[in-house]
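One is the number of the first residue; the rest follow in order along the sequence. Because the structure is predicted, anything quoted here is derived from the model rather than measured.
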Amino acid sequence: MNIKSTILLLTLFISPIVAAKDGTQSELRVRYKCYLNLSNDSVVVHHFVSDKNKRQEFEKSLSSRVVFAADGITSWQIKDIYECVPAKQVFANKKARELEAKTPF
């Protein structure tokens with residue numbers, strides 16, 4: 001058996017294992033969107049990903065996080081968390097819904 005055949009067989013064997021593992025991990029992660037006030041006094045809707053079983057810990061940890069600007073360099077501390085919901089859920093806060101409609105994602 002030559003090297004190309006060996007690599008092909010290994011790839012075919014390993015691919016389903018990797019795919020199964022990725023599927024399991026994605027079920028344990030949840031996307032959230034949060035309506036936030038930042039340290040520069042701007043109000044934004046920002047998306048996050050967290051473990052499904054750690055929502056309370058996630059929300060508590062937000063106040064110690066920063067949000068990066070579009071340039072990827074500038075960052076602002078999260079000052080206030082007004083509302084966080086799963087990404088597919090609608091915000092209860094009217095201002096959050098209006099801002100989300102204007103925000104490109």
Phe48 six-ring face occupied by Lys33 cation (under 6.0 Å, within 45°):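 Output no; distance or angle outside limits.
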
Side chain to side chain contact (heavy atoms under 4.5 Å, CB included) assessment of Asp80 paired with Leu36: CA-CA 6 Å; Asp80 298 303; Leu36 308 168; over 6 Å; no

Just so I know, are the side chains of [X] and [Y] near enough to count as touching, which here means a heavy-atom distance under 4.5 Å?
X	Y	value
Leu99	Val43	yes
Asn40	Trp76	yes
Val90	Val85	no
Ser63	Ile81	yes

Minimal non-hydrogen separation, Phe68 against Val66, with atom names: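 The answer is CE1-CG2, 3.9 Å.
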
Shortest non-hydrogen separation from Phe58 to Ser61 and the atoms involved: O-OG, 2.8 Å

Please report the interatomic distance [atom1]([X]) to [atom2]([Y]), rounded to the nearest 0.5 Å.
X	Y	atom1	atom2	result
Phe91	Glu100	CZ	CD	5.0 Å
Lys88	Tyr32	NZ	OH	13.5 Å
Ile78	Leu38	CD1	CG	6.5 Å
Leu62	His46	CG	NE2	9.5 Å
His47	Thr103	NE2	OG1	8.0 Å
Cys84	Arg55	SG	CZ	7.5 Å

Residue Gln56 excluded, over 12 heavy atoms near CD under 6.0 Å: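 Open: at most 12 neighbouring heavy atoms sit under 6.0 Å from CD of Gln56.
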
Lys79 NZ: over 12 foreign heavy atoms closer than 6.0 Å: yes

Parallel, tilted or perpendicular, as decided by the 30° and 60° cut-offs, for the rings of Tyr82 and Tyr35: tilted

Determine whether a donor-acceptor pair (N or O, by modelled atom type, separation under 3.5 Å) exists between the side chain of [X] and the backbone of [Y].
X	Y	result
Gln77	Arg65	yes
Arg97	Ala92	yes
Glu83	Asn93	yes
Asp71	Thr74	yes

